[in-house]
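Only heavy atoms go into these numbers, but all of them, side chains included; no hydrogens, no water, no symmetry mates.
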Amino acid sequence: MGAILRFVLILAVLLSALGWFFVGTRPGQDLLLSRAMDAVMAQAPVTEYDGLRVFMCGTSSPLIAPGRAQACVAIRAGRELYVVDAGTGSNGAMTLAGEPVVNLRAILVTHFHSDHIAGIGDFNLAAWVAGRDAPLTVMGPPGVERVVAGFNEAFALDRVYRVAHHGADLLDPEVGLLEPRAVEAGVIVDGGGLRITAFPVDHAPVEPALGYRFDYGGRSVVVSGDTVVTPSLLAASRSADLLLHDALSLPIVQALQAAAEQAGRARQAKILFDIQDYHAAAADLPSLAESAGVGMLALYHLVPAPRNTVMERIFERDLPGDTVMTVDGMVFELPRGTDRIRVRSP
């Protein structure tokens with residue numbers, strides 16, 4: 001027993017000494033830093049997927065939630081990458097997860113609320129620096145031209161500074177621009193086996209507003225954007241493998257409204273009342289998914305995003321047990337030629 005104790009003590013001393021060397025000395029810190037950076041750079045990014053691959057880059061709403069970016073869904077079809085909406089913090093969620101944006105073909109905007117467009121400039125810069133070979137297209141309802149013109153002007157000096165610093169050979173100033181493309185309901189992308197269809201949704205008084213359906217390799221994903229349940233949404237979702245839908249918890253929002261009224265916060269109470277009729281209530285979504293024959297229902301743009309187990313349970317009260325409550329960094333993989341959906345949590 002004494003020999004074992006001596007061995008444990010010696011091992012503890014050696015481990016402590018190693019820990020001190022790597023953390024407490026310059027040579028140790030430099031060695032550890034070098035090894036860590038080698039590991040980071042050696043990671044192979046996911047630049048192609050044989051089927052549809054969905055990365056949740058933002059699952060929150062304007063009601064801020066720790067650890068969640070605002071609305072963003074990144075969808076890869078083969079080598080093509082598209083982002084649906086780009087809320088605040090969403091590009092950071094992509095970067096932290098090691099998701100490459102060099103293959104980003106377009107940002108598809110559902111509507112022009114700030115929590116769906118504020119991160120467009122971040123995605124544009126990240127893809128430009130990564131080596132994107134053409135200006136980034138921003139597709140959306142009529143009005144997208146104004147939004148894109150505003151971003152191009154807001155970042156004009158930033159582009160000048162970066163080109164001056166790194167050189168036009170590395171950062172082509174023309175590639176750093178955004179290009180708008182206004183779209184309406186119908187097929188907006190059709191090539192290389194990928195079809196993207198825009199469809200109208202109801203987010204009144206926001207008009208027009210769109211959702212998007214992706215079909216590739218026999219698999220399909222629908223992203224609702226912000227909407228209540230509508231016939232157009234039902235039609236677009238028919239037989240989809242995965243429906244990603246915004247969702248509002250009426251019990252939680254109504255409790256927040258009552259608390260605001262009790263505290264004399266009339267402005268907050270008014271806003272909390274107003275938002276209750278232009279997002280789908282969580283309780284309305286199971287019947288939509290069943291009627292449409294959806295393979296999997298997953299909720300995002302959560303109003304409000306749950307912050308604890310109690311809030312999660314309240315949000316899930318009227319949902320089937322197989323409904324997925326998304327979090328930032330969650331991945332859905334839909335391989336070609338199967339009906340499987342693999343869900344990976346971060």
Contact summary for [X] and [Y], nearest pair of heavy atoms:
X    : Y    : answer
A236 : V222 : O-CG2, 3.6 Å
A247 : F315 : O-CZ, 3.6 Å
V163 : L171 : CG2-O, 3.5 Å
A93  : F55  : O-CZ, 3.8 Å
A77  : L52  : CB-CD2, 3.7 Å
H111 : A209 : CB-CB, 4.0 Å

Is the shortest heavy-atom distance from the side chain of [X] to the side chain of [Y] under 4.5 Å?
X    : Y    : value
F332 : R342 : no
P304 : I252 : yes
V83  : C72  : yes
T227 : L233 : yes
D241 : V221 : no
L334 : Y49  : no
S220 : L242 : no
E184 : P200 : no

Requested in this report: Give the intermediate values and the outcome of salt bridge (Lys or Arg N to Asp or Glu O under 4.0 Å) for residues E333 and R76.
Outcome: CA-CA 10 Å; E333 294 177 338; R76 186 177 304 281; over 6 Å; no
In Å, rounded to the nearest 0.5 Å, how long is the span from [atom1] of [X] to [atom2] of [Y]?
X    : Y    : atom1 : atom2 : result
S224 : L210 : OG    : CG    : 12.0 Å
L125 : F151 : CG    : CZ    : 12.5 Å
L108 : I188 : CG    : CD1   : 5.0 Å
D226 : T110 : CG    : OG1   : 5.5 Å
L96  : C57  : CG    : SG    : 12.0 Å
E174 : W128 : CD    : CH2   : 10.0 Å

ILVMFWY cluster, [X] and [Y] together (side-chain gap under 4.5 Å):
X    : Y    : answer
L177 : L170 : no
L250 : L63  : yes
V73  : I117 : no
V229 : L243 : yes
V201 : I275 : yes

Please set out all donor-acceptor pairs under 3.5 angstrom arising from side-chain atoms of residues 133-148, sequence neighbours excluded.
residue	atom	partner	partner atom	Å
E145	OE1	G143	N	3.1

Query raised in the report: In terms of ring plane angle, is the pair H116 and H113 parallel, tilted or perpendicular, where the classes change at 30° and 60°?
Result: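 Judged by the thresholds at 30° and 60°, the geometry between H116 and H113 is tilted.
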Closer than 3.5 angstrom, by distance alone: can the side chain of [X] be matched with the main-chain N or O of [Y] as a donor-acceptor pair?
X    : Y    : answer
T197 : G186 : no
H301 : H245 : no
N152 : L178 : yes
R68  : D328 : no
R238 : S291 : yes
T338 : P335 : yes
T95  : N91  : yes

Requested in this report: Determine, step by step, whether Y278 and L248 satisfy the side-chain contact (heavy atoms from CB on, under 4.5 Å) criterion, reporting the C-alpha distance in whole Å, the side-chain angles of both residues, the deciding distance to 0.1 Å, and the verdict.
Outcome: CA-CA 9 Å; Y278 77 158; L248 177 143; over 6 Å; no
Got a sec: does the [atom1] of [X] have more than 12 other heavy atoms crowding it under 6.0 Å?
X    : atom1 : value
I64  : CD1   : no
R344 : CZ    : yes
E312 : CD    : yes
D277 : CG    : yes

Report task. Please assess V183 against Y212 for the test side-chain contact (heavy atoms from CB on, under 4.5 Å), listing each intermediate value before the final yes or no. Result -> CA-CA 11 Å; V183 298; Y212 297 98; 4.2 Å; yes
Query raised in the report: Where do S90 and F123 land on the side-chain contact (heavy atoms from CB on, under 4.5 Å) test, with the steps shown first?
Result: CA-CA 8 Å; S90 55; F123 272 103; 3.3 Å; yes
Query raised in the report: Knowing that exactly one of N124, N103, D172 qualifies, which makes a side chain to side chain donor-acceptor pair (under 3.5 Å) with R132?
Result: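 The option that passes is N124.
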With a 3.5 Å cut-off and sequence neighbours excluded, list the donor-acceptor pairs that the side chains of residues 253-262 form with protein atoms.
residue	atom	partner	partner atom	Å
Q257	OE1	Q276	NE2	2.8
Q257	NE2	E261	OE2	3.0

**Report entry** R195 and D215 ion-paired at < 4.0 Å
**Finding:** no
Report task. Begin with the C-alpha distance, continue with both residues' side-chain angles, and end with the deciding distance and a verdict on side-chain contact (heavy atoms from CB on, under 4.5 Å) for V303 and D246. Result -> CA-CA 8 Å; V303 186; D246 79 314; 5.8 Å; no
